[in-house]
Amino acid sequence: MSSQPNTYLTPEQYLDIERKADYKSEYYEGGMFAMSGAKEAHNLVAVHLLRQLDTKFMGRPCRVYGSDMRVRIKTAGLYTYPDAVAVCGEPVFLDDQRDTLLNPSLLVEILSPSTEAYDRGRKFEHYKTLESLREYLLIAQDRIHADLYTRQADGRWLLTSADRLEDRLTLESVGAEVSLADLYEKVEFPDSR
């Protein structure tokens, strides 16, 4: 009986390959996984979120990064690309390449049918191990809905949900507020017949 050997990569090998690649791949426990592109709704929501945060961060020691900023979750052996990342204060990077952030305050994932279960479940479990992380925002792309998880002083996570265009979510970790009406501007939802 023969089996094809699994290729195990060290984090250093992954970073060496990833930094030269033409496409993004995540890394988890020795494996490298290519990422697929996103649909229009996903891209619009991402741009609108980045615009709202960037505008609110002007003149403040906060930064927002798009989906090309890699984040390392050391305890999970995970290198991943959230849809948006924000940090207030001095960003800490893995090395002088400044392409792998270690201390995010806020992580954002825009949900798709293929990733929603992972983003809500196992990925959130990994994210929660980041000491710097204060909030995790999940935004639906197929309907008006967002879930904001905020770490409490005792370590528990408080869920705040919003599902109306007039709703606003306060992101305490970065001292900003986002408007759902602005997030979903020009987003067309599938017909819900």
Side-chain angles (χ1 to χ4, degrees), residues 3-39 42-51 53-54 57 60-139 141 148-149 151 155 157 171 173-174 176:
S3 65
Q4 189 146 10
N6 291 330
T7 303
Y8 177 87
L9 298 172
T10 66
E12 295 77 18
Q13 290 169 320
Y14 158 75
L15 285 171
D16 185 52
I17 294 166
E18 183 68 1
R19 286 174 171 160
K20 296 173 187 169
D22 293 330
Y23 55 89
K24 295 187 299 189
S25 295
E26 293 191 339
Y27 173 86
Y28 182 58
E29 295 183 338
M32 206 167 160
F33 307 92
M35 298 178 65
S36 62
K39 295 183 179 180
H42 184 284
N43 283 298
L44 287 171
V45 170
V47 167
H48 296 156
L49 175 70
L50 294 171
R51 182 187 66 225
L53 292 179
D54 189 52
F57 290 172
R60 296 182 46 219
C62 297
R63 301 169 192 218
V64 63
Y65 305 100
S67 62
D68 283 336
M69 179 55 73
R70 187 173 36 251
V71 173
R72 181 184 79 168
I73 296 88
K74 185 176 182 178
T75 58
L78 176 66
Y79 289 76
T80 188
Y81 292 93
D83 292 309
V85 182
V87 61
C88 285
E90 193 62 33
V92 177
F93 293 98
L94 179 66
D95 55 28
D96 61 0
Q97 295 287 319
R98 298 180 69 88
D99 60 359
T100 307
L101 186 68
L102 303 180
N103 66 330
S105 305
L106 166 71
L107 292 174
V108 181
E109 296 289 358
I110 299 167
L111 303 173
S112 67
S114 63
T115 64
E116 183 168 359
Y118 176 58
D119 290 342
R120 289 186 178 283
R122 188 75 171 155
K123 195 173 208 179
F124 187 27
E125 289 176 26
H126 295 319
Y127 283 169
K128 287 192 277 189
T129 67
L130 289 166
E131 288 185 29
S132 64
L133 185 65
R134 295 293 165 247
E135 290 178 307
Y136 182 43
L137 178 60
L138 297 164
I139 305 170
Q141 66 175 311
L148 174 64
Y149 292 89
R151 189 189 306 254
W157 289 83
L171 305 174
S173 64
V174 294

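These figures come from a predicted structure and were not determined experimentally. Excluded from the calculations below are hydrogen atoms, water molecules and symmetry mates; all remaining heavy atoms, backbone and side chain alike, are included.
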Smallest separation among heavy atoms of Glu18 and Lys24, with atom names
OE2-CA, 3.3 Å

Can you tell me if Glu131 has over 12 outside heavy atoms packed within less than 6.0 Å of its CD?
no

On a heavy-atom basis, the closest approach of Leu171 and Leu148 is CD2-CD1, 3.7 Å

Between Glu125 and Lys128, does any NZ, NE, NH1 or NH2 come within less than 4.0 Å of an OD or OE carboxylate oxygen?
no

Pairing residues for Asp95 by the side-chain hydrogen bond (donor to acceptor under 3.5 Å, both in side chains) criterion, not counting sequence neighbours
Arg19

Quick one: which residue pairs count as a ring-ring contact (aromatic ring centres under 6.0 Å, His included) with a foot in residues 80-104, not counting sequence neighbours?
none

So, Arg151 side chain and Leu133 main chain: donor-acceptor pair closer than 3.5 Å or not?
yes

Going through the checks in order, is the side chain to side chain contact (heavy atoms under 4.5 Å, CB included) test met by Asp83 and His42?
CA-CA 9 Å; Asp83 292 309; His42 184 284; 3.1 Å; yes

Identified side-chain contact (heavy atoms from CB on, under 4.5 Å) partner of Arg70 from the options Leu94, Asp99, Thr80
Asp99

What pair of heavy atoms forms the shortest contact from Arg120 to Phe124, and how long is it?
O-CB, 3.6 Å

For residues Arg134 and Ser105, is any side-chain donor paired with an opposing acceptor at under 3.5 Å?
no

Would Ile110 and Leu49 satisfy side chain to side chain contact (heavy atoms under 4.5 Å, CB included), going step by step from the backbone distance to the final call?
CA-CA 10 Å; Ile110 299 167; Leu49 175 70; 5.7 Å; no

Give a yes or no answer on whether the side chain of Asn43 reaches the backbone of Ala38 with a donor-acceptor pair at less than 3.5 Å.
yes

Show your working on side chain to side chain contact (heavy atoms under 4.5 Å, CB included) between Met69 and Arg63 and close with a plain yes or no.
CA-CA 12 Å; Met69 179 55 73; Arg63 301 169 192 218; over 6 Å; no

Among Tyr118, Tyr127, Tyr136, find the one that has a side-chain hydrogen bond (donor to acceptor under 3.5 Å, both in side chains) with Glu109.
Tyr127

For side chain to side chain contact (heavy atoms under 4.5 Å, CB included), just list the numbers for His126 and Tyr28, CA-CA rounded to whole Å, side-chain angles, deciding distance to a tenth of an Å, and then say yes or no.
CA-CA 11 Å; His126 295 319; Tyr28 182 58; 3.4 Å; yes

When rounded to the nearest 0.5 Å, the distance separating CZ of Arg51 from CG of Leu53 is 11.0 Å

Donor-acceptor contact below 3.5 Å, side chain Asp119 vs main chain Leu111
no

Which heavy-atom pair separates Pro104 from Val85 by the least distance, and what is that distance?
CB-CG1, 3.6 Å

Taking only residues two or more places apart in sequence or in another chain, which ones pass side-chain hydrogen bond (donor to acceptor under 3.5 Å, both in side chains) with Thr75?
Thr129

Please determine which of Tyr8, Phe33, Tyr79 meets the ring-ring contact (aromatic ring centres under 6.0 Å, His included) test together with Tyr14.
Tyr79

I'd like to know if the side chain of Tyr27 and the backbone of Leu9 have a donor-acceptor N/O pair within less than 3.5 Å.
yes

So which atom in Cys88 and which in Ser173 form the shortest heavy-atom distance, rounded to 0.1 Å?
SG-O, 4.0 Å

So which heavy atom on Val92 is nearest to which on Leu101, and how close?
O-CD1, 3.5 Å

